[in-house]
Amino acid sequence: MNFISTSQDIFFLVLAFCILWLTIFFAWMMYYAIAASKQIYEMINQFKKKLNAIDDLITMIKEKFNSSASYLSFIVSGVGKLVTLLSKKETPNKKSKH
């Protein structure tokens with residue numbers, strides 16, 4: 001029961017040992033590649049959540065602006081009337097002083 005009788009037996013033994021280490025190396029590389037892809041996947045999901053939050057914020061601001069824009073014309077006309085009313089009250093006082 002001599003396992004190593006020729007140089008070809010030594011070659012096959014070394015070849016089997018190299019294949020074993022190559023298999024271990026590829027398994028190790030696959031583990032780290034899968035772990036890295038999982039981290040990338042989680043990072044992309046977090047990025048999507050942040051983009052959705054920003055989109056919701058922009059939509060909310062746009063809706064607030066549109067709803068306040070409808071009241072803006074009333075506010076502007078009210079301020080304009082107030083300015084004209086105040087300017088009319090000031091003009092008689094100025095004329096009475098002269």
Side-chain angles (χ1 to χ4, degrees):
M1 294 233 43
N2 196 357
F3 291 110
I4 302 174
S5 59
T6 64
S7 63
Q8 187 178 12
D9 292 337
I10 295 173
F11 172 72
F12 287 140
L13 185 65
V14 170
L15 186 63
F17 186 71
C18 289
I19 290 173
L20 173 71
W21 279 107
L22 190 64
T23 304
I24 291 171
F25 174 74
F26 279 135
W28 177 73
M29 288 298 293
M30 284 177 50
Y31 171 77
Y32 278 104
I34 291 169
S37 65
K38 181 182 176 188
Q39 288 178 349
I40 290 171
Y41 177 76
E42 290 173 355
M43 186 174 59
I44 288 172
N45 279 341
Q46 289 176 356
F47 186 69
K48 283 181 182 179
K49 287 178 184 177
K50 288 181 182 181
L51 279 180
N52 286 336
I54 290 171
D55 185 44
D56 291 342
L57 178 68
I58 290 173
T59 303
M60 183 183 70
I61 290 171
K62 189 185 295 184
E63 288 173 357
K64 295 281 185 180
F65 181 74
N66 287 338
S67 66
S68 65
S70 63
Y71 295 115
L72 190 62
S73 62
F74 295 120
I75 294 171
V76 168
S77 64
V79 169
K81 288 181 182 179
L82 183 65
V83 167
T84 55
L85 181 66
L86 290 176
S87 66
K88 286 181 181 178
K89 282 187 177 181
E90 288 181 9
T91 52
N93 290 340
K94 288 182 180 178
K95 289 181 181 178
S96 64
K97 288 183 181 179
H98 288 297

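Nothing fancy with the numbering, it's 1 onward along the sequence. Any value given below was found using the heavy atoms of this structure, including those in side chains, with hydrogens, waters and symmetry copies removed.
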Q: Can you run down the side chain to side chain donor-acceptor pair (under 3.5 Å) pairs that involve residues 8-21, sequence neighbours left out, and say none if there aren't any?
A: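 The answer is Ser5-Asp9.
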
Remaining members of the apolar cluster that contains [X], side-chain heavy atoms under 4.5 Å:
X     : answer
Met60 : Leu57, Ile61
Phe47 : Leu51
Met29 : Leu22, Phe25, Phe26, Trp28, Tyr31, Tyr32
Ile54 : Ile58

Show the atom names and distances, to 0.1 Å, of all donor-acceptor pairs under 3.5 Å that link a side chain in residues 34-41 to residues at least two apart or in another chain.
unit_1 : atom_1 : unit_2 : atom_2 : d
Ser37  : OG     : Ala33  : O      : 3.3
Ser37  : OG     : Ile34  : O      : 2.8

Q: Supply the atom-to-atom distance Thr84 OG1 to Leu82 CG, rounded to the nearest 0.5 angstrom.
A: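 Reported to 0.5 Å precision, the distance equals 7.5 Å.
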
